[in-house]
K.L.:
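Attaching a single structure in structure tokens format; questions to follow.
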Amino acid sequence: MNTVTTRFAPSPTGYLHIGGARTALFNWLFARKNDGHFILRVEDTDQQRSTPEMTRAIIDAMDWLGLDYDRGPFFQSQRKEEYLSYIDSLIEKGSGYYCNCSPDEVEAMREAARKKGLKPKYSGKCRDMGVKPGPDTVIRLKAPLTGQTVFIDQVKGPIYLDNQELDDFVLQRKDGTPTYNLAVVVDDIEMGITHILRGDDHVNNTPKQILIYKALGVDPPLFGHVPMILGPDRKKLSKRHGALSVMAYREMGFLPEAMLNYLVRLGWSFKDEEIFSKEDLIKKFSLENLGSSACIFDTSKLIWLNSHYIKEADVSRLASILAEHLDQSLLPVDQSYLEKIIPLLKPRAGTMKEMAEMAEFFLADDQSLVYDQKAVDKFLTRETEAYLSEIAMLLEKMDAFDQKALEEELGNYIKKREVKFKVIAQPLRVAITGKTASPGLFETMEVLGKERVLNRLKKTAQ
RNA sequence: GUCCCCAUCGUCUAGUGGCCCAGGACGCCGGCCUCUCACGCCGGUAACGGGGGUUCAAAUCCCCCUGGGGACGCCA
């Protein structure tokens, strides 16, 4: 048995999107699970739409997700001779032929077929005409007219297709470049690909590719088609569904491990487990547990996973991520100060973006702290301000300004004044944080420090 | 239109003929905890698309219908 070899073959005509990332993940996992190789191949034969920036962006996204490849990136644009020599051999074997029908003519054939209620196809007009190569000729595959093409899909089971459904599709364009189906087959052969895991939208290409393998006299690899990811409206995921690019999720404050965990559970499961580390996945991944029906991308579960991983992540890593999400006006910030506030924010943040918003009152300087007007109106009344100024005086005298000491000091105060802590808690919170929701008061005050707490109390007292 | 694929709670899914009047997770709702908001914990809501078979027995196997998705390029 050959070494298991899988590949991810994106086209650099756009960013790495959710669906592509999941496909890459499945291929990566399968290779890792089987001690095989994972290859990155950039399918940039469409010169018009492919750009180096997109290639860069895709590679960055894979790096971010931690999907490392053993070979590549390879670029199809640099492998033209390879393709042409394969096409030559097809011509030699009589499995390919030149065709000089114009695109208009072919379109007319398709239209005619459609009218008859058949699948639109090229008629095969030049199949046996012995057309010689010329400036306007393409090369087509001489596909079988009868019989069936069958393959055992690794996730869907056997798939049959009557060869009559297929036509003599183009292998080489008029301009001499190879088409997708030809290039893919050549590369997969040359690179020793053993398993191809790709989106459902490729099932119809598979029989065509198998025909090329046959014409070439090469055994095809194993194919597996994973179901599509649909938008909430059950339509193929597209731009109007909002963010699709993996890196956009990074910008929204998602952690790569959350992304991976979410993506893998779209179409794959292991008993009723939900949380998987990369190591878990490599151990547990298998094709048998891939589902076969399409699924819908649902952000709420992603957010839940993300908040889970935020709680798990270590503080110093979160600190540097958090810094990236902070408003420019708050920068620069001291890493060690961020590390103090993060433990308070961890259980409260769904995304790092959210955490950045929650961190604002810690970072803002005392004079420019923003207050929620409704909160001020409700809690900073004449009555509560009397309490606050008394409290300010008490705090002023404190030496150790830590959670424990604060709790004790304020505990004594409410006892003396015979009020419930509830009565002073919200006014205090609003005065210190500007908002009605925040981490616990004592821990917040400790992190903020005596000076800043007093500044804020004095400011609201005016 | 033709072909291919798919079909369990709103969503992700478990289930491979009896253990299922269907389990888990997210969400949602309620409660507990509580200085607010969260976290956490406890509880609840909610699904086998329809119809025929096969079988002692079907969410599970077969057929039809319906619904959904995808593909039909000298794009990938």
Side-chain angles (χ1 to χ4, degrees), chain A residues 9-13 43-46 48-50 76 99 101-103 106-107 110 113-122 136-140 153 156-157 159-162 164-167 169-175 177-181 183-184 199-207 225 227-228 230 232 234-236 262 265-275 288-289 291-305 307 311 344-350 358 375 379 407 410 414 420-426 428-430 433 435-442:
Chain A
S11 169
T13 53
E43 310 215 321
D44 57 349
T45 51
D46 186 339
Q48 308 299 318
R49 298 191 299 146
S50 299
Q76 288 193 326
C99 162
C101 295
S102 71
V106 176
E107 188 41 49
R110 282 199 258 265
R114 233 187 299 260
K115 258 191 193 140
K116 278 194 267 179
L118 297 171
K119 181 173 278 190
K121 285 174 22 171
Y122 168 69
D136 285 326
T137 55
V138 300
I139 296 176
R140 290 180 180 277
D153 191 288
K156 291 171 184 294
I159 293 179
Y160 307 81
L161 187 77
D162 284 335
Q164 291 176 34
E165 297 297 327
L166 267 17
D167 65 357
F169 55 92
V170 174
L171 300 174
Q172 187 184 94
R173 300 181 188 102
K174 191 166 58 183
D175 67 4
T177 57
T179 58
Y180 166 73
N181 283 121
V184 166
D200 225 351
D201 47 346
H202 282 288
V203 279
N204 300 277
N205 279 325
T206 307
H225 293 94
M228 306 263 81
L230 274 21
R234 302 203 128 271
K235 295 270 184 263
K236 191 176 180 177
Y262 179 72
R265 285 284 292 103
L266 240 38
W268 179 83
S269 63
F270 188 81
K271 311 250 175 71
D272 54 18
E273 294 177 28
E274 294 289 348
I275 305 289
E288 291 83 71
N289 294 326
S292 48
S293 50
C295 49
I296 294 172
F297 190 83
D298 169 39
T299 319
S300 64
K301 193 160 189 177
L302 210 206
I303 292 173
W304 170 72
L305 278 166
S307 64
K311 285 175 209 119
L344 313 197
L345 266 21
K346 262 183 162 188
R348 296 174 165 79
M358 293 189 292
F379 291 107
E407 192 164 356
L410 285 166
I414 58 170
K420 292 245 192 226
F421 184 61
K422 270 181 185 301
V423 177
I424 62 163
Q426 282 305 73
L428 242 188
R429 188 186 316 280
V430 173
T433 70
K435 300 181 295 185
T436 51
S438 82
L441 264 179
F442 305 124

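For the numbers below, each heavy atom of this structure counts, side chains included, while hydrogens, waters and symmetry mates do not. Every chain is numbered from 1, with letters handed out A, B, ... down the list of sequences. Note that the coordinates shown come from a computational prediction; the quantities given were computed from them, not determined experimentally.
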K.L.:
What's the shortest heavy-atom distance between C295(A) and G267(A), and which atoms?
P.N.:
SG-N, 4.4 Å
K.L.:
Whether R114(A) and E107(A) form a salt bridge (side-chain N of Lys/Arg under 4.0 Å from carboxylate O of Asp/Glu) is what I want to check.
P.N.:
yes
K.L.:
Expressed as a whole number of angstroms, how long is the span from Q172(A):CD to C74(B):C1'?
P.N.:
10 Å
K.L.:
Let me know, please, whether M228(A) or S292(A) comes out on the 5' side of the other along RNA chain B by nearest nucleotide.
P.N.:
S292(A)
K.L.:
Any side-chain to backbone donor/acceptor pair from K311(A) onto P347(A)? Under 3.5 Å, distance only.
P.N.:
no
K.L.:
Please tell me which of the listed nucleotides, C74(B), A76(B), A14(B), lies nearest to the side chain of H202(A)?
P.N.:
A76(B)
K.L.:
Rounding to a whole Å, what distance do you find between D201(A):CG and C3(B):C1'?
P.N.:
16 Å
K.L.:
For G30(B), which nucleotide is its Watson-Crick or G-U wobble mate, given both distances must be under 3.5 Å?
P.N.:
C42(B)
K.L.:
Taking the C1' atom in each of G15(B) and G31(B), what is the distance between them to the nearest angstrom?
P.N.:
32 Å
K.L.:
Checking contacts here: which listed nucleotide (C5(B), G1(B), A38(B)) is nearest the side-chain heavy atoms of K156(A)?
P.N.:
C5(B)
K.L.:
Rounded to whole Å, please give me the gap between CG in N205(A) and P in G70(B).
P.N.:
15 Å
K.L.:
With rounding to whole Å, what would you report as the distance between C65(B) and A46(B) at their C1' atoms?
P.N.:
27 Å
K.L.:
The side chain of N204(A) lies closest to which of these nucleotides: U2(B), A14(B), C4(B)?
P.N.:
C4(B)
K.L.:
Using atom P in both nucleotides, what's the gap between C63(B) and C21(B) to the nearest angstrom?
P.N.:
27 Å
K.L.:
Which value, in whole Å, describes the distance between the P atoms of nucleotides C19(B) and G73(B)?
P.N.:
49 Å
K.L.:
Within the side chain of D153(A), is there an N or O that forms a donor-acceptor pair under 3.5 Å with the backbone of H225(A)?
P.N.:
yes
K.L.:
Quick one: is G69(B) close enough that its OP1 or OP2 comes under 4.0 Å of any side-chain N or O from S293(A)?
P.N.:
no
K.L.:
Need the pair for G67(B). Rule: Watson-Crick or G-U wobble, both distances under 3.5 Å, any strand; none if unpaired.
P.N.:
C6(B)
K.L.:
Can you tell me the base-pairing partner of C56(B)? Count Watson-Crick or G-U wobble geometry only, both distances below 3.5 Å, and say none if there is no partner.
P.N.:
G18(B)
K.L.:
Any base atoms under 4.0 Å from K116(A), or only sugar-phosphate, or nothing? Heavy atoms, all strands.
P.N.:
nothing
K.L.:
Heavy atoms under 4.0 Å, any strand shown: does T45(A) hit a base, just sugar-phosphate, or nothing?
P.N.:
sugar-phosphate
K.L.:
Less than 4.5 Å apart, any side-chain heavy atom of I414(A) and any of I424(A)?
P.N.:
yes
K.L.:
Pick base, sugar-phosphate or nothing for C99(A), based on heavy-atom distances below 4.0 Å to the nucleic acid.
P.N.:
nothing
K.L.:
Could you give the distance separating C72(B) and C64(B) at their P atoms, to the nearest angstrom?
P.N.:
26 Å
K.L.:
Give one of base, sugar-phosphate or nothing for H225(A), where a contact means two heavy atoms less than 4.0 Å apart.
P.N.:
nothing
K.L.:
May I ask which nucleotide in the shown strands pairs with A76(B), Watson-Crick or G-U wobble, both distances under 3.5 Å?
P.N.:
none
K.L.:
What is the distance, rounded to the nearest whole Å, between atom CZ of F297(A) and atom P of U11(B)?
P.N.:
16 Å
K.L.:
Nucleotide by nucleotide, 5' to 3', does protein get under 4.0 Å of the base (B), only the sugar-phosphate (S), or neither (-) in nucleotides 23-36 of chain B, counting heavy atoms?
P.N.:
-BBS--------BB
K.L.:
May I ask you to say what D175(A) touches in the nucleic acid, namely base, sugar-phosphate or nothing, with a heavy-atom cut-off under 4.0 Å?
P.N.:
nothing
K.L.:
Taking the P atom in each of C33(B) and G17(B), what is the distance between them to the nearest angstrom?
P.N.:
48 Å
K.L.:
For D44(A) and A76(B), what is the distance between atoms CG and P respectively, to the nearest whole Å?
P.N.:
10 Å
K.L.:
Is it the case that the side chain of D44(A) and the backbone of Q76(A) share a donor-acceptor pair, with hydrogens and angles ignored and the cut-off at 3.5 Å?
P.N.:
yes
K.L.:
Can you measure D200(A) atom CG to G68(B) atom P for me and round it to whole angstrom units?
P.N.:
17 Å
K.L.:
How many Å lie between OH on Y180(A) and C1' on G73(B), as a whole number?
P.N.:
14 Å
K.L.:
With both distances under 3.5 angstrom, what nucleotide forms a Watson-Crick or G-U wobble pair with U11(B)?
P.N.:
A25(B)
K.L.:
Under the rule syn = chi within 90° of 0, otherwise anti, which is C21(B)?
P.N.:
anti
K.L.:
Checking only heavy atoms, does the side chain of N181(A) share a donor-acceptor pair with the base of A76(B) at less than 3.5 Å?
P.N.:
no
K.L.:
Between G27(B) and U66(B), how many Å separate the two P atoms, rounded to a whole number?
P.N.:
38 Å
K.L.:
Got L171(A) and N181(A) here, is their nearest side-chain heavy-atom distance under 4.5 Å?
P.N.:
no
K.L.:
Scan every strand shown for a Watson-Crick or G-U wobble partner of U36(B), both distances under 3.5 Å, and answer none if you come up empty.
P.N.:
none
K.L.:
I'd like to check L410(A) versus L441(A) (side-chain heavy atoms, cut-off strictly below 4.5 Å). Are they in contact?
P.N.:
no
K.L.:
V170(A) versus Y122(A): any side-chain heavy-atom pair under 4.5 Å?
P.N.:
no
K.L.:
Can you measure M358(A) atom CE to C37(B) atom P for me and round it to whole angstrom units?
P.N.:
15 Å
K.L.:
Below 4.0 angstrom, N of the basic side chain to O of the carboxylate: do K156(A) and D200(A) qualify?
P.N.:
yes
K.L.:
What's the gap between G50(B) and G10(B) when it is taken at their P atoms, as a whole Å value?
P.N.:
13 Å
